[in-house]
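First comes the structure, then the notes that go with it.
Chain A is the first sequence line, chain B the second, and so forth, proteins listed ahead of strands; every chain is numbered from 1. The figures here come from the full heavy-atom set of this structure, side chains too, leaving out hydrogens, waters and symmetry mates.
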Amino acid sequence: MKLPLAYYQQPDVVAIARDLVGKYLFTRIDGVLTGGRIVETEAYAHIDDQACHSHLGRFTKRTRVMYEAGGVAYVYLIYGRYALFNIITNVAGKADAVLIRGLEPTEGIAEMQLRRGLTTAAKNLTAGPGLLTQALGIQVSHYGTDLSGDLIWLEDHQEVVPAADIVASPRVGIDYAGADAALPWRFRIKGNPWTSPAK
DNA sequence: CTAAGGATTAACT
DNA sequence: GTTAATCCTTAGT
C-alpha cells in the first residue's frame with residue numbers, strides 16, 4: 001500500500017530513514033511505471049547537522065520545500081549533471097530530509113535502461129543516487145512533488161528486513177560537515193549489489 | 001585515480 | 001551587477 005502523508009510527518013527523521021530501507025519507490029512519469037526496492041538511504045536533520053542544506057535555518061530558493069510538511073520531494077542538481085532525490089519529513093518548519101541513495105529495480109526495467117541510454121542490462125542501473133533518478137525519470141522539475149499523488153510515491157510491501165541485515169554507517173561525501181560527518185545516519189542492506197558505489 | 005559540469009551561494013564591486 | 005568557490009557524483013582513463 002502507498003505510504004500516507006502521516007508517515008512522512010513523524011518527528012524522527014533517522015528512524016524514518018532506517019524504516020524506508022525495504023520499502024518501494026515508484027514513479028509514473030510519461031505514463032510509464034518504474035520503480036524498485038529501496039536499499040540505501042541517508043538521514044539529514046534540520047538542526048545540529050551541518051551536512052543538511054537547511055542547517056542553521058537557511059531559507060533560500062533551493063531549500064524552500066524543506067520547510068514544508070513532510071511528504072514532498074526535494075530534488076536538486078549536484079555537480080551540474082545529476083539529480084538527487086530526497087524525501088522531506090517532519091512537520092512544516094522542521095526541515096528534515098531522507099536521501100535515497102540506492103534502489104533495487106523491480107518495475108519497468110526496460111524503460112529504465114532506455115532512460116539511462118543503455119542497451120544491455122547494466123548491473124548499476126539504479127545503484128547510486130544520481131543513477132536511480134535518471135532511471136526513474138526524476139528531474140529537478142519534480143522539485144516539490146507531492147508524494148501522495150500519482151507521479152512519485154512510496155509503497156509498503158510489508159517486507160521485513162532483518163535488523164541484522166541493515167547496517168548503519170557515516171554518510172558519504174560530506175567531509176565539509178565537520179564533526180557531523182561521523183554520525184551513522186546512512187542505512188543500507190548488507191551485501192546488496194544495488195547500494196551506491198561511493199565509499 | 002581524475003575530469004567534467006551547472007546551479008547555487010557568499011563575497012565582493 | 002559580477003566573480004569565485006563549492007557541491008549528498010559518475011564515467012572514463
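- A/Leu132 places its CG atom 16 Å from the P atom of C/dC8, with the value rounded to the nearest Å.
- Closest contact between the side chain of A/Leu77 and the listed nucleotides B/dA7, C/dT10, B/dG5 involves B/dA7.
- Consecutive Watson-Crick or G-U pairs involving DNA chain C, each under 3.5 Å on both distances, make up stems of three or more pairs at B:1-4 with C:9-12, B:6-12 with C:1-7.
- Put simply, CZ on A/Arg64 is 12 Å from P on B/dT9, counting in whole angstrom units.
- Residues A/Ile87 and A/Thr41 fail the side-chain proximity criterion, which asks for heavy atoms closer than 4.5 Å.
- Annotation: proximity of residues 98-112 of chain A to DNA chain C (heavy atom, distance under 4.0 Å) is found for A/Leu99, A/Arg101, numbered in ascending order.
- Of all heavy-atom pairs between A/Thr126 and A/Pro105, the closest is OG1-CD, 3.2 Å.
- Just one residue in the list A/Glu104, A/Glu155, A/Glu107 forms a salt bridge (Lys or Arg N to Asp or Glu O under 4.0 Å) with A/Arg37, and that residue is A/Glu104.
- Between A/Tyr74 and A/Tyr143, the ring planes are perpendicular. Angles over 60° get that label, and only those under 30° would be called parallel.
- What separates OH of A/Tyr143 from C1' of B/dT8 is a distance of 12 Å, to the nearest Å.
- Atom OH in A/Tyr79 sits about 7 Å away from atom P in C/dC7, given to the nearest Å.
- The listed nucleotides are C/dC8, C/dT10, B/dG5; the one nearest the side chain of A/Ile78 is C/dC8.
- Heavy atoms only, all atoms of each residue included: A/Leu103 and A/Trp194 are closest at O-CB, 3.3 Å.
- Considering A/Val75, A/Leu77, A/Leu99 in turn, A/Leu99 is the only one that fulfils the side chain to side chain contact (heavy atoms under 4.5 Å, CB included) rule with A/Leu84.
- Across the protein-nucleic acid pair, A/Met66 atom CE and C/dC8 atom P stand 12 Å apart, rounded to whole Å.
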Distances under 3.5 Å between nitrogen or oxygen atoms of protein and nucleotides 11-13 of chain C:
from   : atom 1 : to       : atom 2 : distance (Å)
C/dA11 : OP1    : A/Arg116 : NH2    : 3.1

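- Atom CD1 of A/Ile88 and atom C1' of C/dC8 are 13 Å apart (whole Å).
- Rounded to an integer number of Å, the gap from A/Arg81 CZ to C/dT9 P is 14 Å.
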